[in-house]
Amino acid sequence: MEMRHRQVSVPPDRFEVVADDAVFTVDLHSALAVCIYDAVDEAGALLHLRVITRGAQPTEATDTTLATELLLLDRCVEALRELAPDARALQAKIAAHRPEGASHQRACDSVLTLVRHFLADVDITEISADVAAGAPRKLRFRPSMGTLQIS
């Protein structure tokens with residue numbers, strides 16, 4: 001008999017944290033998901049960040065949003081550490097849907113670079129990154145097992 005897990009949908013520009021055996025679900029369209037989990041504990045978090053480009057200079061417009069994205073990332077990690085203070089082996093998997101167009105791709109790369117530097121600074125090991133263009137992507141992330149399914 002297959003066991004059903006609580007599903008937690010994470011909208012854009014939000015994060016969720018859990019300490020039980022739940023499954024995060026996300027629809028990625030010009031966005032990325034930072035999936036953080038503890039290799040020993042069952043706690044985990046998912047942060048859903050949009051890649052926003054506006055105006056004539058999309059890269060410059062994106063630079064103005066990096067501080068907000070950094071704040072969300074910091075709050076997400078802080079909330080996870082508060083929920084699971086014994087979590088000592090935090091790891092991350094990143095999945096992204098890259099928008100079409102060179103300027104949009106540069107904006108996506110800027111967000112990915114920011115996320116990677118932040119994770120390294122707070123001692124969270126990046127395990128994998130899956131970045132793809134094309135059709136929007138659907139994710140299912142189960143932190144208790146560290147599994148990420150992308151379709």
Side-chain angles (χ1 to χ4, degrees), residues 1-53 61-99 104-151:
M1 177 181 219
E2 183 180 324
M3 192 166 128
R4 290 294 218 188
H5 303 285
R6 178 172 66 100
Q7 293 200 10
V8 179
S9 178
V10 183
D13 299 324
R14 302 258 192 245
F15 67 87
E16 294 287 340
V17 296
V18 296
D20 61 336
D21 193 7
V23 175
F24 291 115
T25 60
V26 175
D27 290 330
L28 288 183
H29 180 72
S30 297
L32 64 101
V34 183
C35 307
I36 304 171
Y37 63 100
D38 186 78
V40 177
D41 201 16
E42 288 192 352
L46 189 141
L47 172 62
H48 184 179
L49 294 173
R50 290 182 294 166
V51 176
I52 300 173
T53 55
T62 299
D63 288 344
T64 63
T65 66
L66 291 178
T68 302
E69 292 165 346
L70 183 60
L71 181 61
L72 275 172
L73 189 52
D74 184 57
R75 287 182 178 167
C76 177
V77 170
E78 182 179 314
L80 178 57
R81 288 191 168 144
E82 285 178 13
L83 184 67
D86 295 331
R88 299 283 182 256
L90 292 177
Q91 300 178 347
K93 295 182 178 181
I94 300 170
H97 173 258
R98 184 181 298 230
H104 297 295
Q105 289 178 6
R106 283 192 301 276
C108 184
D109 290 343
S110 294
V111 175
L112 282 168
T113 299
L114 172 85
V115 168
R116 287 182 165 133
H117 284 292
F118 180 86
L119 293 175
D121 286 348
V122 296
D123 295 322
I124 297 176
T125 304
E126 180 185 334
I127 299 300
S128 65
D130 186 324
V131 180
R137 310 174 87 193
K138 293 187 180 295
L139 274 60
R140 291 178 52 82
F141 173 56
R142 187 175 172 199
S144 67
M145 302 299 288
T147 57
L148 176 62
Q149 298 173 329
I150 304 170
S151 58

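Numbering starts at 1 and runs along the sequence shown.
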**Q** Sorted by first residue and then second, give each salt bridge (charged side-chain N to carboxylate O under 4.0 Å, His left out) pair with at least one member in residues 24-47; sequence neighbours left out.
**A** D27-K138
**Q** Got a sec, which residues hit side chain to side chain donor-acceptor pair (under 3.5 Å) with D74, two or more places apart in sequence or on another chain?
**A** none
**Q** Looking only at non-hydrogen atoms, find the nearest pair between P143 and A22 and report the distance.
**A** CD-O, 3.4 Å
**Q** List the atom of A45, the atom of F141, and the distance in Å for their closest heavy-atom pair.
**A** O-CE2, 3.6 Å
**Q** At what distance, to the nearest 0.5 angstrom, does CG of L71 lie from SG of C76?
**A** 11.5 Å
**Q** Checking R88 now: which residues fulfil side chain to side chain contact (heavy atoms under 4.5 Å, CB included) with it, not counting sequence neighbours?
**A** none
**Q** Quick one: list whatever passes side chain to side chain contact (heavy atoms under 4.5 Å, CB included) with P12, sequence neighbours left out.
**A** H48, R50
**Q** What is the distance from atom CG of L47 to atom CG of L32, rounded to the nearest 0.5 Å?
**A** 7.5 Å
**Q** Could you tell me which residues satisfy side chain to side chain donor-acceptor pair (under 3.5 Å) with R137, sequence neighbours excluded, listed by chain and number?
**A** D130
**Q** What is the distance from atom NE2 of H5 to atom OG of S144, rounded to the nearest 0.5 Å?
**A** 6.5 Å
**Q** For A95, give me all partners under side chain to side chain contact (heavy atoms under 4.5 Å, CB included), at least two apart in sequence or on another chain.
**A** L28, L139, L148, I150
**Q** Under the side chain to side chain contact (heavy atoms under 4.5 Å, CB included) criterion, do T25 and V8 qualify, and how do the steps go?
**A** CA-CA 6 Å; T25 60; V8 179; over 6 Å; no
**Q** Can E78 and R75 be said to form a side chain to side chain contact (heavy atoms under 4.5 Å, CB included), step by step?
**A** CA-CA 5 Å; E78 182 179 314; R75 287 182 178 167; 5.5 Å; no
**Q** Going by salt bridge (charged side-chain N to carboxylate O under 4.0 Å, His left out), name the residues that satisfy it together with R98, two or more places apart in sequence or in a different chain.
**A** D109
**Q** List for me each residue that meets ring-ring contact (aromatic ring centres under 6.0 Å, His included) alongside H97, sequence neighbours excluded, and say none if there are none.
**A** H29
**Q** Report the residues that fulfil side chain to side chain donor-acceptor pair (under 3.5 Å) with Q91, sequence neighbours left out, ordered by chain and then residue number.
**A** Y37
**Q** I'd like to know whether T125 forms a side chain to side chain contact (heavy atoms under 4.5 Å, CB included) with L90, so could you lay out the CA-CA distance, the side-chain angles of the two residues, the decisive distance to 0.1 Å, and finally the verdict.
**A** CA-CA 7 Å; T125 304; L90 292 177; over 6 Å; no
**Q** Not counting sequence neighbours, which residues clear side chain to side chain donor-acceptor pair (under 3.5 Å) with E126? List them please.
**A** R116
**Q** Would you say R6 and V23 make side-chain contact, with heavy atoms under 4.5 Å?
**A** no
**Q** Which pair of non-hydrogen atoms, one from V10 and one from F24, has the smallest distance, and what is that distance?
**A** CG2-CD2, 3.7 Å
**Q** Checking H117 now: which residues fulfil ring-ring contact (aromatic ring centres under 6.0 Å, His included) with it, not counting sequence neighbours?
**A** none
**Q** Partners of A79 by side chain to side chain contact (heavy atoms under 4.5 Å, CB included), sequence neighbours excluded?
**A** F15, V17
**Q** On a heavy-atom basis, which atom in T147 and which in K93 lie closest, and how many Å separate them?
**A** CA-NZ, 4.4 Å
**Q** To check you understand the geometry: which heavy-atom pair defines the closest contact between L112 and I94, and what is its length?
**A** CD2-CG2, 3.7 Å
**Q** Take I36 and L46 through the test side chain to side chain contact (heavy atoms under 4.5 Å, CB included) and record every step on the way to the result.
**A** CA-CA 6 Å; I36 304 171; L46 189 141; over 6 Å; no
